[in-house]
Amino acid sequence: MADTPGEDTSKPIETEAPPTQIAASPAAPATPAAVDLGDYKVWNPPGGSAGTPASLASLPDSYFDPTAEELKSAYQSQSRLADKLANAPLKTEAIRQREAKEKLARWPETRIRVKFPNQLQIEKTFPSKDTIKSVYAFVRNCLTDEAKPNKFILYEAPRRELKVSDPAVKQLSLAALGLAPSSVLHLTFIEESLNGSTTIPPLLPEILAKAEDLPPPPTFDPSPSTDAKGKGRALGGGSSSSSSGDSKLPKWLKLGKK
């Protein structure tokens with residue numbers, strides 16, 4: 001085709017530039033949602049804060065050595081418990097199920113206190129029909145993200161371990177395990193560095209900030225109470241009872257004394 005007269009064919013043809021592509025920034029990692037721990041209480045170690053158990057740190061090592069009398073008492077207590085278990089009558093499955101239902105009806109809730117190696121305690125109430133797995137899950141959710149991979153064991157003193165992996169434990173309810181209506185469970189980490197008596201437990205900061213001092217134990221008045229009739233004086237005073245004793249003797253005893 002011939003060029004049109006008067007048209008400049010030497011001018012370069014302009015082409016439209018492709019749109020500039022903006023690189024997408026990598027998405028920020030999603031923050032894990034906080035787990036709802038429900039209602040719970042945190043108790044400081046006796047005599048100190050969550051990180052400084054002053055009453056324990058100031059005691060000498062000899063304080064924790066049991067005396068001969070304490071060892072004898074502990075041995076006798078364990079012997080009585082062993083005899084009681086050995087001589088207990090055998091229970092059928094029907095009897096055990098009936099007793100478990102009675103415990104659930106009597107104690108529908110179980111209060112558990114988990115005591116860490118530095119004596120700090122976390123308290124929470126669980127349904128008595130829950131298993132020990134619920135307690136483990138609650139404690140693990142209380143730990144920091146760095147500490148959650150650490151394994152731990154809950155046990156009842158002196159050393160009754162309650163492991164989730166134990167077939168004799170994992171299927172039983174808290175009531176069937178004998179933890180209702182309330183129990184104290186000790187916690188020990190597999191990692192020994194976390195079991196120091198002055199080591200702060202690897203708990204979430206908001207949990208440590210919630211710690212309170214344990215309420216003082218109730219005090220009892222040692223003085224004997226006396227009523228209006230003076231019954232308390234009759235325990236120590238022998239003269240008043242002897243003076244009126246003859247007048248209160250029956251007739252047949254008076255005749256025998258003559």
Side-chain angles (χ1 to χ4, degrees), residues 37-38 40-46 50 53 55-56 59 61 63-66 70-71 73-86 88 96 99-100 103-104 107 109-144 147-204 207-208 211 214:
L37 300 175
Y40 65 93
K41 296 180 181 179
V42 186
W43 303 109
N44 280 323
S55 61
L56 295 178
L59 294 174
D61 294 339
Y63 175 83
F64 300 96
D65 296 333
E70 290 173 340
L71 290 174
S73 176
Y75 174 77
Q76 292 176 348
S77 176
Q78 291 299 314
S79 297
R80 288 192 298 267
L81 178 60
D83 293 340
K84 181 180 179 181
L85 294 176
R96 288 194 293 267
E99 290 180 350
K103 289 181 180 179
L104 286 175
W107 299 305
E109 294 182 334
T110 300
R111 185 180 60 187
I112 299 292
R113 278 189 182 181
V114 177
K115 183 180 291 187
F116 286 81
N118 75 328
Q119 305 300 309
L120 180 137
Q121 302 178 59
I122 297 182
E123 177 183 315
K124 184 175 175 60
T125 300
F126 299 86
S128 295
K129 63 181 180 180
D130 280 8
T131 62
I132 195 66
K133 184 177 181 180
S134 298
V135 184
Y136 271 89
F138 166 72
V139 175
R140 189 166 298 280
N141 288 330
C142 292
L143 301 178
T144 60
K148 283 181 179 179
N150 290 281
K151 295 182 179 181
F152 58 89
I153 298 174
L154 298 177
Y155 67 94
E156 192 176 21
R159 194 66 185 184
R160 180 198 176 198
E161 294 185 350
L162 301 172
K163 297 181 178 180
V164 179
S165 58
D166 188 353
V169 172
K170 65 179 182 179
Q171 299 295 340
L172 298 180
S173 64
L174 299 178
L177 290 172
L179 302 179
S182 61
S183 295
V184 176
L185 300 181
H186 298 260
L187 181 146
T188 181
F189 288 98
I190 302 299
E191 176 59 46
E192 284 296 332
S193 61
L194 299 175
N195 293 328
S197 60
T198 58
T199 302
I200 302 176
L203 297 170
L204 294 171
I207 294 179
L208 292 175
L214 284 167

**Student:** Between Pro202 and Ala147, which heavy-atom pair has the shortest distance, and what is it?
**Tutor:**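 Between these two residues, the closest heavy atoms are CB-CB, 3.4 Å.
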
**Student:** For Tyr136, check ring-ring contact (aromatic ring centres under 6.0 Å, His included) against everything at least two apart and list the hits.
**Tutor:**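 For Tyr136 the ring-ring contact (aromatic ring centres under 6.0 Å, His included) partners, ignoring immediate neighbours, are Phe152.
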
**Student:** Measuring only between side-chain heavy atoms, which start at C-beta, is Leu214 closer than 4.5 Å to Pro46?
**Tutor:**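 The answer is yes, as the side chains (C-beta and beyond) meet within the 4.5 Å cut-off.
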
**Student:** Output the distance between atom CG (Leu120) and atom NZ (Lys115), rounded to the nearest 0.5 Å.
**Tutor:**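 Answer for the CG-NZ pair, Leu120 versus Lys115, is 10.5 Å.
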
**Student:** Which residue pairs satisfy the side chain to side chain donor-acceptor pair (under 3.5 Å) criterion with at least one member in residues 162-186, sequence neighbours excluded?
**Tutor:**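 Only Glu161-Lys163 qualify under side chain to side chain donor-acceptor pair (under 3.5 Å).
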
**Student:** Which residues satisfy the side-chain hydrogen bond (donor to acceptor under 3.5 Å, both in side chains) test with Ser79, sequence neighbours excluded?
**Tutor:**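 side-chain hydrogen bond (donor to acceptor under 3.5 Å, both in side chains) list for Ser79, sorted by chain: empty.
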
**Student:** Roughly how far apart are Asn141 CG and Tyr40 OH, rounded to 0.5 Å?
**Tutor:**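 Answer rounded to 0.5 Å: 11.0 Å.
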
**Student:** How many angstroms lie between OG1 in Thr131 and CG in Leu172, if you round to the nearest 0.5 Å?
**Tutor:**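 Answer rounded to 0.5 Å: 9.5 Å.
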
**Student:** Please step through side-chain contact (heavy atoms from CB on, under 4.5 Å) for the pair Leu203 and Ile122, ending with a clear verdict.
**Tutor:** CA-CA 10 Å; Leu203 297 170; Ile122 297 182; 3.9 Å; yes

**Student:** Tell me the salt bridge (charged side-chain N to carboxylate O under 4.0 Å, His left out) pairs involving residues 120-144, sequence neighbours left out?
**Tutor:**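 Non-adjacent pairs meeting salt bridge (charged side-chain N to carboxylate O under 4.0 Å, His left out): Arg113-Glu123.
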
**Student:** Determine, step by step, whether Leu194 and Phe116 satisfy the side-chain contact (heavy atoms from CB on, under 4.5 Å) criterion, reporting the C-alpha distance in whole Å, the side-chain angles of both residues, the deciding distance to 0.1 Å, and the verdict.
**Tutor:** CA-CA 10 Å; Leu194 299 175; Phe116 286 81; over 6 Å; no

**Student:** Counting N and O atoms only, with roles assigned by atom type, does the side chain of Thr110 sit under 3.5 Å from a partner on the main chain of Leu179, one being a donor and the other an acceptor?
**Tutor:**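 Side chain of Thr110 to backbone of Leu179, a donor-acceptor pair under 3.5 Å: no, none is there.
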
**Student:** Going through the distances and angles, do Leu177 and Val169 end up as a side-chain contact (heavy atoms from CB on, under 4.5 Å)?
**Tutor:** CA-CA 7 Å; Leu177 290 172; Val169 172; 4.2 Å; yes

**Student:** Compare every heavy atom of Pro201 with every heavy atom of Leu208, then report the nearest pair and how far apart it is.
**Tutor:**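 Heavy atoms only, the tightest pair is CD1-O, 4.3 Å.
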
**Student:** Working to the nearest 0.5 Å, report the span between NZ of Lys148 and CG of Leu204.
**Tutor:**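 One gets 6.5 Å once the value is rounded to the nearest 0.5 Å.
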
**Student:** Residues in side-chain hydrogen bond (donor to acceptor under 3.5 Å, both in side chains) with Arg160, at least two apart?
**Tutor:**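 Listed in chain order: Glu156.
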
**Student:** Kindly write out the residues that satisfy side chain to side chain contact (heavy atoms under 4.5 Å, CB included) with Thr188, not counting sequence neighbours, or none if the list is empty.
**Tutor:**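 Thr188: side chain to side chain contact (heavy atoms under 4.5 Å, CB included) contacts with Ile153, Tyr155, Arg159, Asn195.
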
**Student:** Just wondering, do Leu162 and Val135 contact through their side chains at under 4.5 Å, heavy atoms?
**Tutor:**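 Sidechains of Leu162 and Val135: no contact.
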
**Student:** Apply the test side-chain contact (heavy atoms from CB on, under 4.5 Å) to residues Leu185 and Leu187: give CA-CA distance (whole Å), side-chain angles for both, the deciding distance (0.1 Å), then the verdict.
**Tutor:** CA-CA 7 Å; Leu185 300 181; Leu187 181 146; over 6 Å; no

**Student:** Can you give me the closest heavy-atom contact between Ser134 and Phe126, atom names plus distance?
**Tutor:**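 Taking every non-hydrogen atom into account, O-CE2, 3.8 Å.
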
